[in-house]
Novice: 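Below are the structure tokens for one structure; questions will follow.
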Amino acid sequence: MKKHYSIAIDGPAAAGKSSVAKILAKKFNLIYIDTGAMYRAFTYAVIKEKLNPKDENESCTLIGKVDIILNKNGTVLCNGEDVSKKIREFEVSSNVSYISSYKDIRLEMVKLQRKMAEGNSVIMDGRDIGTYVLPNADLKIYQIAEIEERAKRRHLENVEKNIDSTFDNVLNDLRNRDYIDSHRAFAPLKPADDAIILDTTHLNKNEVVEKISSLIKEKLGLIEDEQ
Ligand code: DC
């Protein structure tokens, strides 16, 4: 039977996980699963229904009612609506850590994430992939960078995407999210015992891709897809 591989990339917000994971997915012919986008889409649905994201009971009333689809082309659908851009805006970004701290919502998202990984070779990024979602992943990377560097990168990314942004807003939002993500009771942000810690503060995107590519080749024996 063909072996399927799974690669987990965890780490704090804006450490560059998703842009690197997308490139690696293409390079090694893996399916990329952006789990943060799923929590963001759920947050969008809560706000759209005029529920309070800071209220766990109210937010959890939507469990089972939010249909989230991650398309291969990178678009995200929430109950049929293309929310790819809206889920990156400030209102969602500043509330998603509350939503993702609610255990029942996490359990629903994790079920979906494991189903997407089943029978496929995947690269999945998030906060708890190596510790909780895919504890048997073949390779676990924990990608970090200093917070000012992460804020600089995310702010530039927002400007490029025409998303309203200031450096100070992004920095405060990251600080708040780092705290909530790593202090929640259920499946908090932390490296798995067998994760490789990769500090990208002084590395550019290509250098990070090269480092993880070498690990994939060395530890999983995968070869790059000819394109
Ligand atoms: O990776 P991101 O910034 O798009 O993630 C958005 C939020 O979702 C983040 O603040 C924490 C949460 N998240 C999580 O708790 N678990 C995951 N596996 C992925 C994201």
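The chain is numbered in sequence order, starting from 1. Quick caveat: nothing in here was measured; it's all calculated off a predicted structure.
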Novice: Are I105 and L107 connected, step by step, through hydrophobic side chains (Ile, Leu, Val, Met, Phe, Trp, Tyr) whose heavy atoms are closer than 4.5 Å?
Specialist: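 Hydrophobic grouping puts I105 with L107.
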
Novice: For residues R153 and L203, report the shortest heavy-atom separation together with the two atoms involved.
Specialist: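 Between these two residues, the closest heavy atoms are NH2-O, 3.7 Å.
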
Novice: At their closest point, which heavy atom of C60 faces which heavy atom of D104, and how far apart are they?
Specialist: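 Result for this residue pair: SG-CB, 4.3 Å.
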
Novice: Got a second to check how far S19's OG is from E157's CD, nearest 0.5 Å?
Specialist: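 Answer for the OG-CD pair, S19 versus E157, is 6.5 Å.
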
Novice: Can you list everything that forms a side-chain contact (heavy atoms from CB on, under 4.5 Å) with I31? Sequence neighbours excluded, please.
Specialist: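 Partners of I31 under the side-chain contact (heavy atoms from CB on, under 4.5 Å) test: I33, N120, V122.
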
Novice: Give a yes or no on whether M38 and L30 share a hydrophobic cluster (residues Ile, Leu, Val, Met, Phe, Trp, Tyr; joining criterion: side-chain heavy atoms under 4.5 Å apart).
Specialist: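 No; L30 is not reachable from M38 via cluster members.
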
Novice: Look only at the side chain of K211 and the backbone of L198, and say whether a donor-acceptor pair between them is shorter than 3.5 Å.
Specialist: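 Side chain of K211 to backbone of L198, a donor-acceptor pair under 3.5 Å: no, none is there.
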
Novice: Donor-acceptor pair, D10 side chain versus G130 backbone, under 3.5 Å?
Specialist: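 Yes.
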
Novice: Could you list the residues that satisfy side-chain contact (heavy atoms from CB on, under 4.5 Å) with I23, not counting sequence neighbours?
Specialist: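 side-chain contact (heavy atoms from CB on, under 4.5 Å) list for I23, sorted by chain: K205, V209.
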
Novice: If hydrophobic clusters are built from ILVMFWY residues whose side chains come within less than 4.5 Å, do I87 and L112 share one?
Specialist: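 Yes, I87 and L112 fall within the same hydrophobic cluster.
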
Novice: Taking the side chain as every heavy atom from C-beta outward, state whether V208 and I212 have any pair of such atoms under 4.5 Å apart.
Specialist: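 Heavy-atom side-chain distance check passes, below 4.5 Å.
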
Novice: Using side-chain contact (heavy atoms from CB on, under 4.5 Å) as the criterion, list what pairs up with K111, not counting sequence neighbours.
Specialist: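 For K111 there are no side-chain contact (heavy atoms from CB on, under 4.5 Å) partners, ignoring immediate neighbours.
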
Novice: How far does CG of L134 sit from OG of S6, to the nearest 0.5 angstrom?
Specialist: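 One gets 5.0 Å once the value is rounded to the nearest 0.5 Å.
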
Novice: Remaining members of F167's ILVMFWY cluster at a side-chain heavy-atom cut-off under 4.5 Å?
Specialist: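 Grouped by the 4.5 Å side-chain rule, I147, V170, L171, L174 form the rest of the cluster around F167.
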
Novice: Minimum heavy-atom separation for V46 to S59, with atom names?
Specialist: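 Heavy-atom minimum between the residues: CG1-OG, 3.9 Å.
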
Novice: If every non-hydrogen atom of P53 is compared with every non-hydrogen atom of Y102, which pair is closest and at what distance?
Specialist: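 Heavy-atom minimum between the residues: O-OH, 2.6 Å.
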
Novice: For the OH atom of Y44 and the CG atom of N95, what is their distance to the nearest 0.5 Å?
Specialist: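 Going from the OH atom of Y44 to the CG atom of N95 covers 14.0 Å.
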
Novice: Count the heavy atoms belonging to other residues, nucleotides or ligands that lie under 6.0 Å from CG of D168, then report whether that count exceeds 12.
Specialist: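 For D168, atom CG is crowded (more than 12 foreign heavy atoms under 6.0 Å).
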
Novice: Does some side-chain heavy atom of F42 sit less than 4.5 Å from a side-chain heavy atom of S100?
Specialist: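 Counting from C-beta outward, S100 and F42 never come under 4.5 Å.
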
Novice: Determine, step by step, whether D173 and R154 satisfy the side-chain contact (heavy atoms from CB on, under 4.5 Å) criterion, reporting the C-alpha distance in whole Å, the side-chain angles of both residues, the deciding distance to 0.1 Å, and the verdict.
Specialist: CA-CA 11 Å; D173 174 51; R154 179 55 50 92; over 6 Å; no

Novice: Not counting sequence neighbours, list each pair that qualifies as a side-chain hydrogen bond (donor to acceptor under 3.5 Å, both in side chains) and has a residue in residues 123-137.
Specialist: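 Those involving residues 123-137 are Y32-D125, R106-D128, R127-D181.
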
Novice: Can you sort out the partners of E91 under salt bridge (charged side-chain N to carboxylate O under 4.0 Å, His left out), two or more places apart, ordered by chain and number?
Specialist: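 So E91 forms no salt bridge (charged side-chain N to carboxylate O under 4.0 Å, His left out) with any residue.
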
Novice: For residues S97 and R184, determine if any side-chain heavy atom of one lies less than 4.5 Å from a side-chain heavy atom of the other.
Specialist: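 In short, these two side chains do not touch, never coming nearer than 4.5 Å.
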
Novice: Between D164 and N169, is a side-chain contact (heavy atoms from CB on, under 4.5 Å) present by the stated rule, with each step listed?
Specialist: CA-CA 10 Å; D164 249 355; N169 267 350; over 6 Å; no

Novice: If two hydrophobic side chains count as joined below 4.5 Å and joins carry through other members, does V133 share a cluster with I68?
Specialist: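 Both belong to a single hydrophobic cluster.
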
Novice: Do L220 and L215 make a side-chain contact, defined as non-hydrogen atoms from C-beta onward lying under 4.5 Å apart?
Specialist: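 Result no, sub-4.5 Å side-chain heavy-atom pair not found.
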
Novice: Please examine the side chains of Q143 and V20, heavy atoms only from C-beta on, and report whether any two atoms are closer than 4.5 Å.
Specialist: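 SC-SC contact between V20 and Q143 confirmed.
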
Novice: With a 4.5 Å heavy-atom cut-off, do L51 and L62 have their side chains touching?
Specialist: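 Yes, their side chains come closer than 4.5 Å.
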
Novice: Apply the test side-chain contact (heavy atoms from CB on, under 4.5 Å) to residues I7 and I216: give CA-CA distance (whole Å), side-chain angles for both, the deciding distance (0.1 Å), then the verdict.
Specialist: CA-CA 9 Å; I7 299 170; I216 293 175; 3.6 Å; yes

Novice: Heavy-atom distance under 4.5 Å between the side chains of M124 and I9, does that happen here?
Specialist: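 Contact flag for M124/I9 side chains = no.
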
Novice: Give the minimum heavy-atom separation between N204 and N206, together with the two atoms involved.
Specialist: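 Looking at all heavy atoms of both residues, the shortest contact is OD1-N, 3.1 Å.
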
Novice: Please answer: with hydrophobic residues joined when any side-chain heavy atoms are less than 4.5 Å apart, are Y98 and F186 in the same cluster?
Specialist: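 As far as the 4.5 Å side-chain criterion goes, F186 and Y98 are connected within one cluster.
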
Novice: Cationic tip of K3 within the cone over Y5's six-membered ring, i.e. under 6.0 Å and within 45° of the normal?
Specialist: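 Yes; both conditions hold, so K3 lies above the ring face of Y5.
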
Novice: Taking side-chain contact (heavy atoms from CB on, under 4.5 Å) as the test, write out the residues that go with N172, two or more places apart.
Specialist: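 Testing N172 for side-chain contact (heavy atoms from CB on, under 4.5 Å), a comparison that skips the adjacent residues, returns R175.
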
Novice: Any non-hydrogen side-chain atom of C78 less than 4.5 Å from a side-chain atom of V66?
Specialist: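 Heavy-atom side-chain distance check passes, below 4.5 Å.
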
Novice: With salt bridge (charged side-chain N to carboxylate O under 4.0 Å, His left out) as the rule and sequence neighbours excluded, what pairs involving residues 55-77 come up?
Specialist: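 Found none.
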
Novice: Would you kindly say whether H4 and S121 are connected by a side-chain donor-acceptor distance under 3.5 Å?
Specialist: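 Note: H4 and S121 side chains miss the donor-acceptor criterion.
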
Novice: Starting from I197 and following side-chain heavy-atom contacts under 4.5 Å between hydrophobic residues (I, L, V, M, F, W, Y), which residues can be reached?
Specialist: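 Grouped by the 4.5 Å side-chain rule, Y142, I144, L189 form the rest of the cluster around I197.
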
Novice: Using atom types as modelled and distance alone, determine if a side-chain donor or acceptor of H155 lies under 3.5 Å from a backbone N or O of A151.
Specialist: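 No: the side chain of H155 does not pair with the backbone of A151.
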
Novice: Using 0.5 Å steps for rounding, measure from the OG1 atom of T200 to the CD1 atom of I141.
Specialist: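 Here the interatomic distance stands at 12.0 Å.
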
Novice: Which pairs pass salt bridge (charged side-chain N to carboxylate O under 4.0 Å, His left out) with one or both residues in residues 185-196, sequence neighbours excluded?
Specialist: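 Listed by first then second residue: K140-D194.
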
Novice: Quick one: do E210 and K27 satisfy salt bridge (Lys or Arg N to Asp or Glu O under 4.0 Å)? Show the steps, please.
Specialist: CA-CA 11 Å; E210 277 319 304; K27 247 180 136 169; 3.2 Å; yes

Novice: List the steps, then state whether side-chain hydrogen bond (donor to acceptor under 3.5 Å, both in side chains) holds for R40 with S93.
Specialist: CA-CA 7 Å; R40 285 172 180 271; S93 295; 3.1 Å; yes

Novice: Would you mind listing the cluster partners of I163? Hydrophobic ones only (ILVMFWY), side-chain contacts under 4.5 Å, chaining allowed.
Specialist: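 Same cluster as I163: nobody, lone residue.
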
Novice: So, taking the atom named CE in M109 and the one named OH in Y39, what distance separates them when rounded to the nearest 0.5 Å?
Specialist: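 OH of Y39 is found 7.0 Å from CE of M109.
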
Novice: May I ask you to decide whether E118 forms a salt bridge with K115, counting only side-chain N to carboxylate O separations under 4.0 Å?
Specialist: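 Here E118 does not pair with K115 in a salt bridge, since their nearest N and O are not under 4.0 Å apart.
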
Novice: To the nearest 0.5 Å, how far apart are CG in N52 and CD1 in I47?
Specialist: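 Result: 9.5 Å between the selected atoms.
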
Novice: Taking salt bridge (charged side-chain N to carboxylate O under 4.0 Å, His left out) as the cut-off, I'd like each qualifying pair that reaches into residues 77-90, sequence neighbours left out, listed once.
Specialist: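 Passing the test, one end in residues 77-90: D34-R88, K48-E81, E81-K86.
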
Novice: For E146, is there an ion pair with R150 - N to carboxylate O distance below 4.0 angstrom?
Specialist: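 Result for this pair is no, no salt bridge flagged.
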
Novice: Between A8 and I129, what is the shortest heavy-atom contact and its length?
Specialist: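 Closest pair (atom of A8, atom of I129, distance): CB-CG2, 3.5 Å.
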
